[in-house]
**Student:** 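Got a structure for you, questions after.
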Amino acid sequence: MGHFWTLITHLHTIAGPVTMLLYPLYASIVAIESTSKLDDEQWLAYWILYSFLTLVEMLLQPILDWIPIWYDVKLIIVAWLVLPQFRGATFIYETYVREKLIKKYGESHQHMSPEGKAKKKSVHFITPKKGEDEVY
């Protein structure tokens, strides 16, 4: 039983980095190389949310140290964000983050795609438009 428990402990220890970093890194590279934009949105949303979760975790570390199951809860949350069956990162981004951006910056942040359809692009204010010179 001692060897089995040691194996379970090691698997539990490695599950976090694999779920939170290695698989998302691999999937992000695959998404960049694919022609589909859906997977790009999923992985960009994941990295935004993972960064936010890491920041919150750093700020609340003294409190989280008192919660013995925090690592397990975080692993479950990140698994939901990562797994393609759930597309949790895209769901959270579209439901909450994009909504806040639209409220703050308005619906005027839509562009027309080459097909003539309106395309939401809530964060184009960060990047310069084509033809604009960047001043540093």
Side-chain angles (χ1 to χ4, degrees):
M1 184 68 175
H3 294 294
F4 178 72
W5 188 252
T6 302
L7 176 67
I8 295 296
T9 303
H10 288 301
L11 288 176
H12 184 266
T13 303
I14 202 162
V18 168
T19 304
M20 294 179 214
L21 295 172
L22 291 179
Y23 176 70
L25 285 170
Y26 169 76
S28 296
I29 292 169
V30 170
I32 289 172
E33 297 301 323
S34 76
T35 57
S36 171
K37 296 298 178 195
L38 290 176
D39 54 359
D40 294 352
E41 183 178 311
Q42 161 67 17
W43 294 110
L44 283 171
Y46 170 76
W47 290 112
I48 290 167
L49 294 170
Y50 180 75
S51 299
F52 180 73
L53 180 63
T54 302
L55 178 64
V56 169
E57 189 177 32
M58 287 171 39
L59 293 173
L60 299 178
Q61 191 62 45
I63 297 167
L64 295 175
D65 285 341
W66 287 89
I67 304 172
I69 61 167
W70 167 244
Y71 184 78
D72 298 321
V73 170
K74 180 182 174 184
L75 189 58
I76 290 168
I77 292 169
V78 171
W80 180 74
L81 293 174
V82 167
L83 292 174
Q85 296 89 335
F86 302 114
R87 293 181 46 84
T90 301
F91 173 78
I92 295 290
Y93 182 80
E94 288 178 354
T95 306
Y96 300 105
V97 178
R98 180 177 283 158
E99 183 178 303
K100 298 294 183 198
L101 285 173
I102 289 172
K103 278 184 181 177
K104 184 169 183 172
Y105 297 104
E107 288 281 344
S108 63
H109 295 288
Q110 292 187 358
H111 294 300
M112 296 300 281
S113 68
E115 297 84 27
K117 297 177 185 174
K119 180 179 176 186
K120 288 184 181 178
K121 189 163 184 175
S122 300
V123 292
H124 81 281
F125 56 88
I126 295 174
T127 59
K129 294 177 183 166
K130 287 186 180 180
E132 289 183 355
D133 293 331
E134 295 182 35
V135 180
Y136 293 104

**Student:** Any chance you could pull the hydrophobic cluster mates of Leu38, using side-chain heavy atoms under 4.5 angstrom and chaining through other members?
**Tutor:** none

**Student:** Apply ring pair (Phe, Tyr, Trp, His ring centres under 6.0 Å) to Tyr23 and list each qualifying residue two or more places apart in sequence or on a separate chain.
**Tutor:** Trp43

**Student:** Among pairs that include at least one residue of residues 26-39, which meet salt bridge (charged side-chain N to carboxylate O under 4.0 Å, His left out), considering only residues two or more places apart or in two chains?
**Tutor:** Lys37-Asp40

**Student:** Partners of Lys103 by salt bridge (charged side-chain N to carboxylate O under 4.0 Å, His left out), sequence neighbours excluded?
**Tutor:** Glu99

**Student:** Which residues pass the salt bridge (charged side-chain N to carboxylate O under 4.0 Å, His left out) test with Lys100, not counting sequence neighbours?
**Tutor:**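 With sequence neighbours excluded, Lys100 shows a salt bridge (charged side-chain N to carboxylate O under 4.0 Å, His left out) to no residue whatsoever.
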
**Student:** My understanding is that only residues two or more places apart in sequence, or in another chain, count here; which of them pass side-chain hydrogen bond (donor to acceptor under 3.5 Å, both in side chains) with Ser28?
**Tutor:**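 With sequence neighbours excluded, Ser28 shows a side-chain hydrogen bond (donor to acceptor under 3.5 Å, both in side chains) to Trp47, given in chain and number order.
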
**Student:** How would you list, by chain and number, every residue that makes a salt bridge (charged side-chain N to carboxylate O under 4.0 Å, His left out) with Asp72, sequence neighbours excluded?
**Tutor:** none

**Student:** Please tabulate, one pair per line, all N/O donor-acceptor pairs under 3.5 Å involving side-chain atoms of residues 54-63, not counting sequence neighbours.
**Tutor:**
unit_1 : atom_1 : unit_2 : atom_2 : d
Thr54  : OG1    : Tyr50  : O      : 2.8
Glu57  : OE1    : Lys74  : NZ     : 2.5
Glu57  : OE2    : Trp70  : NE1    : 2.7
Glu57  : OE2    : Lys74  : NZ     : 3.4
Gln61  : NE2    : Asp65  : OD1    : 2.7

**Student:** Distance-only check: which donor-acceptor pairs under 3.5 Å involve side-chain atoms of residues 78-91, not counting sequence neighbours?
**Tutor:**
unit_1 : atom_1 : unit_2 : atom_2 : d
Arg87  : NH2    : Thr90  : OG1    : 3.4
Thr90  : OG1    : Gln42  : OE1    : 2.7

**Student:** Taking only residues two or more places apart in sequence, or in another chain, which ones meet Tyr71 in a ring pair (Phe, Tyr, Trp, His ring centres under 6.0 Å)?
**Tutor:**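 With neighbours one apart ignored, the set is His12.
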
**Student:** Enumerate the residue pairs fulfilling salt bridge (charged side-chain N to carboxylate O under 4.0 Å, His left out) with a member in residues 76-86, sequence neighbours excluded, ordered by first and then second residue.
**Tutor:**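 Non-adjacent pairs meeting salt bridge (charged side-chain N to carboxylate O under 4.0 Å, His left out): zero.
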
**Student:** Please enumerate all residues that pass side-chain contact (heavy atoms from CB on, under 4.5 Å) together with Tyr96, with sequence neighbours excluded.
**Tutor:**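 For Tyr96, the residues satisfying side-chain contact (heavy atoms from CB on, under 4.5 Å) (neighbours in sequence not counted) are Ile92.
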
